[in-house]
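Below is one structure, written out as structure tokens; comments come after it.
In what follows, chains carry the letters A, B, and so on, assigned in the order in which the sequence lines appear, proteins first and then strands, with residues in each chain numbered from 1.
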2 protein chains.
Amino acid sequence: MIELRQFRQFIAVAEELSFRRAADRLHMAQPPLTVTIKQIEEELGTLLIERTNRIARLTPAGRVFLEECKRTVMQAERAVLAAPFSRHAAPARD
Amino acid sequence: MIELRQFRQFIAVAEELSFRRAADRLHMAQPPLTVTIKQIEEELGTLLIERTNRIARLTPAGRVFLEECKRTVMQAERAVLAAPFSRHAAPARD
DNA sequence: CAATGTTACGATACACGTAATCATA
DNA sequence: TATGATTACGTGTATCGTAACATTG
């Protein structure tokens, strides 16, 4: 089952068009990114990034997926921000 | 960092208003649900569910968060479905 | 041959289940 | 006291980093 972590990693790679720079941006090593992107492509059954040695470009599916990923992450952030706004009470500490 | 897994679990609990039934619906045990909901409330800094022994009801923040969670999960599903639609090629198998 | 990406692999973290405890109807 | 929620704890998986390898510009 796909998770936001995967969305976030794909967004970084797709926007940077570079595993190296995406890794820097995410403050992590490159290898796990390769694995994550492959996982996503496997799960979607669709190639998202055209690679030679370096990244070439996004496939059409990759471009669509990038936009939808951004919407999803933004919506998730909205959820987190919206809830506390409707103030009620702090969670019971114990 | 919050994940879809937590959103999905909260949705089940919030809609069922019962950890027990939510666990059944998610095909998992109850205890992890308690932990997840506490994690979310901790992360949001907001109480989402009013509990006595059993669940009483959602707080206002809980109701808002439930709607935003559902939007988020729906958007995530849209992302997964949308990408392959813009056909291109299956991921390299080899 | 320098820079980038991938594969392999070991270590750590974390999500889950089981068991035991608590609370209330 | 029976049902449902929480706490405590052990275990398996998954995510990550390091290292070795491959590729291409």
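Side-chain atoms of A:T72 never come within 3.5 Å of backbone atoms of A:K70 as a donor-acceptor pair (strictly under, hydrogens ignored). A donor-acceptor pair is defined here as one N or O able to donate and one able to accept, closer than 3.5 Å; such a pair exists between the side chain of A:R63 and the backbone of A:L58. Checked by atom type and distance alone, the side chain of A:E41 pairs as donor or acceptor with a backbone atom of A:L48 at under 3.5 Å.
In this structure A:R54 satisfies the side-chain hydrogen bond (donor to acceptor under 3.5 Å, both in side chains) test with no other residue, sequence neighbours excluded. Checked against side chain to side chain contact (heavy atoms under 4.5 Å, CB included), A:A29 has the following partners two or more places apart in sequence or in another chain: A:P31, A:P32.
Judged as a salt bridge (Lys or Arg N to Asp or Glu O under 4.0 Å), the pairs with a partner in residues 23-34 of chain A (not counting sequence neighbours) are, in order, A:E15-A:R25, A:E16-A:R25, A:R20-A:D24. Among residue pairs with one or both ends in residues 11-50 of chain A, none qualify as ring pair (Phe, Tyr, Trp, His ring centres under 6.0 Å); sequence neighbours excluded.
Contact annotation: B:R51 side-chain N/O to D:dG4 OP1/OP2 distance is not under 4.0 Å.
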Please produce a list of atom pairs where a protein N or O lies less than 3.5 Å from an N or O of nucleotides 22-25 of chain D.
| unit_1 | atom_1 | unit_2 | atom_2 | d |
| --- | --- | --- | --- | --- |
| D:dT23 | O2 | A:N53 | OD1 | 3.4 |
| D:dT23 | O2 | A:N53 | ND2 | 2.8 |
| D:dT24 | O4' | A:N53 | ND2 | 3.2 |

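Taking the C1' atoms of five terminal pairs at each end of the helix from C:dC1-D:dG25 to C:dA25-D:dT1, the two resulting helix axes are inclined by 30°, rounded to 10°.
From the 5' end on, the contacts that DNA chain C makes with chain A at under 4.0 Å to a non-hydrogen atom open and close at C:dA3 to C:dT7.
In this structure, the separation between CD on A:E42 and CD1 on A:I37 is 13.5 Å, given to the nearest 0.5 Å. A:I55 contributes atom CD1, which lies 4.5 Å from atom CD1 of A:I49 (distance to the nearest 0.5 angstrom). A distance of 9.5 Å separates OG1 of B:T59 from CZ of B:R51, quoted to the nearest 0.5 Å. We find the OG-CD distance between B:S18 and B:Q30 to be 8.5 Å, quoted to the nearest 0.5 Å.
The nearest whole Å value for the distance from the CD1 atom in A:I2 to the P atom in D:dT15 is 11 Å. In this structure, B:M28 places its CE atom 20 Å from P of D:dT11, rounding to the nearest Å. The CD1 atom of B:I55 sits 9 Å away from the C1' atom of D:dA5 (whole-angstrom rounding).
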Could you walk me through whether A:F65 and A:I40 pass the side chain to side chain contact (heavy atoms under 4.5 Å, CB included) check? CA-CA 10 Å; A:F65 190 60; A:I40 298 174; 3.7 Å; yes
For residues 75-84 of chain B, please give each side-chain donor-acceptor pair under 3.5 Å, one per line with the distance, not counting sequence neighbours.
| unit_1 | atom_1 | unit_2 | atom_2 | d |
| --- | --- | --- | --- | --- |
| B:Q75 | OE1 | B:R78 | NH1 | 2.6 |
| B:Q75 | NE2 | A:E68 | O | 3.2 |
| B:Q75 | NE2 | A:E68 | OE1 | 2.7 |

All N/O donor-acceptor pairs, side-chain side in residues 2-13 of chain B, below 3.5 Å, sequence neighbours left out:
| unit_1 | atom_1 | unit_2 | atom_2 | d |
| --- | --- | --- | --- | --- |
| B:E3 | OE1 | A:L4 | N | 2.9 |
| B:E3 | OE1 | A:R5 | N | 3.1 |
| B:E3 | OE2 | A:R5 | N | 3.3 |
| B:E3 | OE2 | A:R8 | NH1 | 3.1 |
| B:Q6 | OE1 | B:E3 | N | 2.7 |
| B:Q6 | NE2 | B:Q39 | OE1 | 3.2 |
| B:R8 | NH2 | A:I2 | O | 2.9 |
| B:R8 | NH2 | A:E3 | OE2 | 3.0 |
| B:Q9 | OE1 | B:T36 | OG1 | 2.7 |

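A heavy atom closer than 4.0 Å to some atom of DNA chain C occurs in B:Q9, these being the qualifying members of residues 6-23 of chain B. Residues from residues 31-40 of chain A with heavy atoms under 4.0 angstrom of DNA chain D, sorted by number: A:P31, A:P32, A:Q39.
A:L33 has its side chain within reach of A:L26: a pair of non-hydrogen atoms, C-beta onward, lies under 4.5 Å apart.
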